Structures are given as C-alpha cells and as structure tokens.
Amino acid sequence: MKYPDTFQVKPGTTVKLSRIDADSTGDDKDKTAARDELVTLGERLAELQELMYAESKRSLVIVLQAMDAGGKDGTVNHVISSMNPQGVTVHPFKVPSTEELAHDYLWRIHKVTPRKGHVAVFNRSHYEDVLVVRVHGLVPKKVWSGRYDEINAFEKHLSDNGTHIVKFFLHIDKKEQLERFKDRLEDPTKHWKIAESDYSERERWDEYQKAYEDALSKCSTEYAPWYVIPANRKWFRNLAISRILVKALESMDMQFPAPSADIQEIKRLYEAAVAETG
Ligand code: AMP
Ligand code: MG
C-alpha cells in the first residue's frame, strides 16, 4: 500500500463512504509490529516538527473530523503527543460562543491558525459549518452550500502563505460507534464524555455521512487534501495517520537555518573556557 496516496481523496472525485471499509487495516495485519512502527514514526514526527520549529518558515494545520466517538481525542493522545508541546497547539472547536456567532464562521478558525514554525491541530474545525450546521439546518441551504468554495478559498490563502494543511476524516461505522458508546457507559471514568446528543446525532447518521461525503468530495484539493482513514481499529488509525503526517512533513523539504553565531569563534571561546576551568 502506498502512503499517503491510498487514503487520499483525489481532487475532483466523489466519495462514497459506504464503499470504504472502516474495519480495514490495509496491508497491516500485525498489531504488535504496528506498535513498534508507531514508536519509530513518533520519533520521526518529533524530529520533523523540531525542524519546522527551527526553520520557522512554514506551519502545519492538522484537521481532525469524525462522528461522535470516532477517535479524534485518541488521535491527539496517541499521535500528536509525540511532538514537542512547545510547538504544537490543539484547538477543540465546540458549539460557537455568542462572540463567535457574532462573526463570520471562519473568524474563530483564522484567529488560531499557527504561526510560522508551529503546528495547530483542529479537533473539529470550520468543517462543522457544513456538517452539524447543515444537518440541523442552523443556516439556510443557500448559505451552507456556498461555504465549500469559501473554505477552499480560505485554505488556498493559508497554503499560499506557508501553511501546509492535512485533513483527516476518521471513518468508523455505526456498529463501532455503538461499541464505543457501550465502553463509555461501562467505564465510570468515561462517563464525563457521554452526551445525550450522542444518541440524537446517531439517529441522523445517514444525513451526517452525506454531509461528510460532500465536504470530502468538494474540499479535497492539491493544497489541502482530505484523507479518509479506516478507523474502527484504533491501532491502524494511529499508524496510518502517523505515516501520512511523516510523509507530509518530509515533502516540505525543510532545512535547519544557518547558525546565527560564528561557530568557529564559539568553538574557540569554548576551548578557552575549558582551559580556564581546568
Ligand atoms: P465534542 O467534540 O464532543 O466536545 O462536541 C462539540 C460539539 O460542538 C459537537 O456536537 C459539535 O457538533 C458542536 N459544534 C462544533 N462546531 C459547531 C458549529 N460551528 N456549530 C454548531 N455546533 C458546533
Ligand atoms: Mg462528543
């Protein structure tokens, strides 16, 4: 299987989620081997992020979208955590505040796009404005249907200004969601994660899948591709996302900056200090 191409939504193609097996683990069958590879990939991710931080010319946005219990938090916990927190910020986007609603829907997103050298992870994102907003009819169709082009233009603007964008849809099926709801119910330490809306939203599963299909089909571009990750198996989800992120960062061809200090002179100062210290 070729990464990152395998799971990438090719620009201009139409996604049909029911045709993508959420149980798939691609060519990877061995969970133990996957764990080892995940450690290696995590180390590589950390190196590449440090390089981005040092270079300070480009930035990275990672968008995570999924149905409830789809694994967004788990991805942050198991994949993003390998990077240095000094250069990474995770932004969860919840129901917009009064202040946020008083602005255009991209305002709260643009405010937290990463500075050069930094990574921003969007746990939910501007895509909610063509997902939950569409499914619940929070704005008229003529408003949300214009947003795909607006989102593409916004992401193009970010990309043209040095922000690399990678978007993941964590694809679970309806059965897996119920399993995860059950796990949450059975574990008192997970009860805080349960919302009544989990079940009312689940009733709108098909409408959400349709809304996702449109977002994935209309907004996967060369400059901000979507990846549909089979995510029923958490270990595979983490592996696939890590591989894609490593490829994405490697493709940016970043360089450590030239030292600002005169290294020969610093070496002389160092030798002198060693001699003096004895
Ligand atoms: P959670 O991610 O489980 O903490 O839930 C956050 C909730 O905020 C979800 O139900 C989202 O659908 C909702 N949400 C996020 N963005 C928006 C938005 N732009 N408009 C309405 N609801 C939103
Ligand atoms: Mg939730």
Side-chain angles (χ1 to χ4, degrees), residues 17 61-81 89-113 120-152 154-155 167-174 176-216 218-219 226 229 231-232 234 237 241:
L17 287 172
V61 164
I62 302 169
V63 170
L64 299 177
Q65 284 287 162
M67 299 293 286
D68 289 315
K72 301 185 298 299
D73 295 341
T75 302
V76 171
N77 204 356
H78 296 288
V79 176
I80 306 302
S81 58
T89 314
V90 181
H91 300 281
F93 292 100
K94 308 284 181 181
V95 177
S97 67
T98 316
E99 166 108 36
E100 287 167 348
L101 281 174
H103 293 81
D104 76 89
Y105 69 100
L106 293 173
W107 178 76
R108 66 173 179 165
I109 312 292
H110 208 164
K111 261 203 321 188
V112 297
T113 52
V121 181
F122 294 171
N123 185 340
R124 300 186 191 267
S125 64
H126 42 304
Y127 283 94
E128 291 294 325
D129 289 279
V130 289
L131 295 166
V132 63
V133 167
R134 163 177 166 167
V135 170
H136 285 270
L138 301 181
V139 299
K141 179 171 182 182
K142 75 172 194 326
V143 174
W144 61 252
S145 59
R147 288 182 173 172
Y148 302 99
D149 288 345
E150 292 169 2
I151 288 173
N152 286 340
F154 172 64
E155 292 178 353
K167 303 178 295 199
F168 296 103
F169 172 61
L170 317 180
H171 176 47
I172 58 163
D173 58 30
K174 218 176 164 182
E176 177 67 17
Q177 189 193 48
L178 202 57
E179 278 295 314
R180 293 186 186 184
F181 284 175
K182 177 171 163 248
D183 293 345
R184 286 181 180 181
L185 210 49
E186 286 176 350
D187 179 353
T189 71
K190 296 272 162 60
H191 284 181
W192 67 274
K193 277 199 157 197
I194 300 174
E196 270 161 26
S197 67
D198 291 346
Y199 291 86
S200 53
E201 296 303 87
R202 179 177 166 82
E203 283 174 22
R204 297 172 185 262
W205 182 276
D206 292 345
E207 290 167 79
Y208 269 107
Q209 296 287 295
K210 180 80 197 68
Y212 266 113
E213 286 174 349
D214 277 350
L216 297 165
K218 292 174 195 284
C219 299
W226 269 113
I229 307 295
N232 276 4
K234 295 172 182 172
R237 172 200 75 203
I241 291 177

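Counting convention: from 1, in listed order, for ligands and their atoms alike. No experiment lies behind these values; they were computed from the predicted model shown.
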**OP:** Before giving the answer on ring pair (Phe, Tyr, Trp, His ring centres under 6.0 Å), spell out for Phe122 and Tyr127 the whole-Å C-alpha distance, their side-chain angles and the decisive distance to 0.1 Å.
**Re:** CA-CA 10 Å; Phe122 294 171; Tyr127 283 94; 9.9 Å; no
Original post:
Do Arg124 and Asp68 meet the salt-bridge criterion of a basic N to acidic O distance under 4.0 Å?
Top reply: yes
Quick one: ligand 1 N/O to protein N/O pairs below 3.5 Å?
residue, atom, partner, partner atom, Å
ligand 1, 2 (O), Arg124, NE, 2.6
ligand 1, 2 (O), Arg124, NH2, 3.2
ligand 1, 4 (O), Lys94, NZ, 2.4
ligand 1, 8 (O), Val95, N, 3.1
ligand 1, 12 (O), Glu128, OE1, 3.2
ligand 1, 16 (N), Lys94, O, 3.3
ligand 1, 16 (N), Arg108, NH2, 3.1
ligand 1, 19 (N), Arg108, NH2, 3.2
ligand 1, 19 (N), Asp129, OD1, 3.4
ligand 1, 19 (N), Asp129, OD2, 3.4

**OP:** Could you tell me whether the side chains of Glu150 and His126 share a donor-acceptor contact shorter than 3.5 Å?
**Re:** no
Original post:
To the nearest 0.5 Å, what is the distance between CZ (Arg134) and OH (Tyr208)?
Top reply: 11.5 Å
Original post:
Do Glu128 and Tyr105 have a side chain donor and acceptor closer than 3.5 Å?
Top reply: no
Subject >> Between His171 and Gln209, a side-chain donor and acceptor under 3.5 Å >> reply: no
